[in-house]
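Everything below concerns the one structure shown next.
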Amino acid sequence: LVHWVESGGGSVQAGGSLRLSCTSSRLTLANIEMAWFRRRPGDGRRSIACITANGASVYYQDFVKGRFTISLDNAKNTLYLQMNSLQPEDEAVYYCGASNGCGPTSGVRLGGEYGNWGPGIQVTVSS
């Protein structure tokens, strides 16, 4: 099974920045569509940004567009999410994973070679 490893979260004040990292123990991330997801308190998990294979194109949900940047370092087999201008409403547990498509309705691809959700990483934003 895929083991997703997310890192880089923490606590910041509003307006601050964090960079999340994600790698896989089994998959070559450049070969698949990848996404960052988040789950805010009381909500379900949803995709916030995705990137197609080899980083050919990206998509952002409106509420992070212009503030967050998704990128892929093929040499390190690592997916990143640079988060700038963080706001209290960005406070959530963030997850990476394989994406089923890359667009406004894309979701997570689970099971089989893609495994299950990783543990996620907490991002806390204070006002």
Side-chain angles (χ1 to χ4, degrees):
L1 290 179
V2 171
H3 180 210
W4 301 107
V5 179
E6 301 110 340
S7 62
S11 298
V12 295
Q13 291 189 324
S17 298
L18 286 171
R19 189 177 77 159
L20 306 183
S21 301
C22 163
T23 191
S24 164
S25 59
R26 295 289 184 92
L27 295 177
T28 300
L29 303 188
N31 292 341
I32 58 176
E33 292 169 328
M34 290 291 299
W36 284 97
F37 306 82
R38 73 182 185 189
R39 180 171 59 190
R40 299 195 301 170
D43 290 344
R45 269 178 285 227
R46 66 175 300 181
S47 174
I48 60 172
C50 57
I51 187 166
T52 57
N54 285 315
S57 65
V58 299
Y59 178 84
Y60 300 96
Q61 296 290 351
D62 285 345
F63 50 84
V64 301
K65 193 178 296 182
R67 300 187 299 124
F68 291 12
T69 303
I70 188 171
S71 62
L72 181 65
D73 186 327
N74 294 344
K76 296 182 179 179
N77 199 39
T78 300
L79 180 75
Y80 297 103
L81 184 68
Q82 177 66 44
M83 305 186 294
N84 298 328
S85 302
L86 283 161
Q87 300 302 316
E89 53 266 34
D90 295 316
E91 183 165 305
V93 179
Y94 285 72
Y95 304 83
C96 66
S99 182
N100 184 12
C102 185
T105 61
S106 59
V108 67
R109 182 171 291 182
L110 296 173
E113 63 182 325
Y114 304 110
N116 294 315
W117 290 106
I121 190 158
Q122 177 70 45
V123 170
T124 301
V125 186
S126 57
S127 57

Shortest non-hydrogen separation from Gln61 to Gly103 and the atoms involved
NE2-O, 4.4 Å
Between atom OG of Ser47 and atom CE of Met34, what is the distance when rounded to the nearest 0.5 Å?
10.5 Å
Is the backbone of Arg26 close enough, under 3.5 Å, to the side chain of Ser24 for a donor and an acceptor to pair up by distance?
yes
Decide whether Met83 and Val64 are clustered together by the hydrophobic rule: side chain heavy atoms of Ile, Leu, Val, Met, Phe, Trp, Tyr closer than 4.5 Å, transitively.
yes
CG of Leu86 to CZ of Arg67: how many Å apart, nearest 0.5 Å?
6.5 Å
Check for me, please, whether Val12 and Tyr80 land in the same ILVMFWY cluster - side-chain distances under 4.5 Å, paths through other members count.
no
For residues Val93 and Ile121: do they belong to one hydrophobic cluster (side chain heavy atoms under 4.5 Å, members Ile, Leu, Val, Met, Phe, Trp, Tyr)?
no
Looking only at atom types and distance, does a side-chain atom of Thr52 sit under 3.5 Å from a main-chain N or O of Ser57, one as donor and one as acceptor?
yes
Plane angle bin for Phe68 and Tyr94 - parallel if under 30°, tilted between 30 and 60°, otherwise perpendicular
tilted
Decide whether Leu79 and Leu110 are clustered together by the hydrophobic rule: side chain heavy atoms of Ile, Leu, Val, Met, Phe, Trp, Tyr closer than 4.5 Å, transitively.
no
Give the intermediate values and the outcome of side-chain contact (heavy atoms from CB on, under 4.5 Å) for residues Leu29 and Thr78.
CA-CA 7 Å; Leu29 303 188; Thr78 300; 5.6 Å; no
Tyr60 side, atom OH; Ile48 side, atom CD1 - distance, nearest 0.5 Å:
10.0 Å
For Ser85 and Ser17, the nearest pair of non-hydrogen atoms, with its separation, is N-OG, 4.3 Å
In a check of ring pair (Phe, Tyr, Trp, His ring centres under 6.0 Å) between Tyr95 and each of Trp36, Phe37, Trp117, which one passes?
Trp117
Working to the nearest 0.5 Å, report the span between CZ of Arg46 and CZ of Arg38.
8.0 Å
Does Ser21 use its side chain to pair, donor to acceptor, with the backbone of Ser7 at less than 3.5 Å?
no
Atom of Trp4, atom of Ala98 and distance for their closest heavy-atom approach:
CZ2-N, 3.7 Å
Starting at OG of Ser71, measure out to CZ of Arg19 and round the result to the nearest 0.5 Å.
7.0 Å
Phe63 reachable from Leu20 in the ILVMFWY side-chain graph, under 4.5 Å edges
yes
Atom NZ of Lys65 with >12 non-hydrogen neighbours under 6.0 angstrom:
yes
Interatomic distance, SG@Cys22 vs CD@Glu6, rounded to 0.5 Å, equals 5.5 Å
Quick check: closest heavy atoms across Arg109 and Asn100, and the distance to 0.1 Å?
NH2-OD1, 3.3 Å
If we ignore hydrogens and angles and just use 3.5 Å, is the side chain of Asp90 paired with the main-chain N or O of Asn84 as donor and acceptor?
no
Is atom CD of Gln13 surrounded by more than 12 heavy atoms (other residues, nucleotides or ligands) closer than 6.0 Å?
no
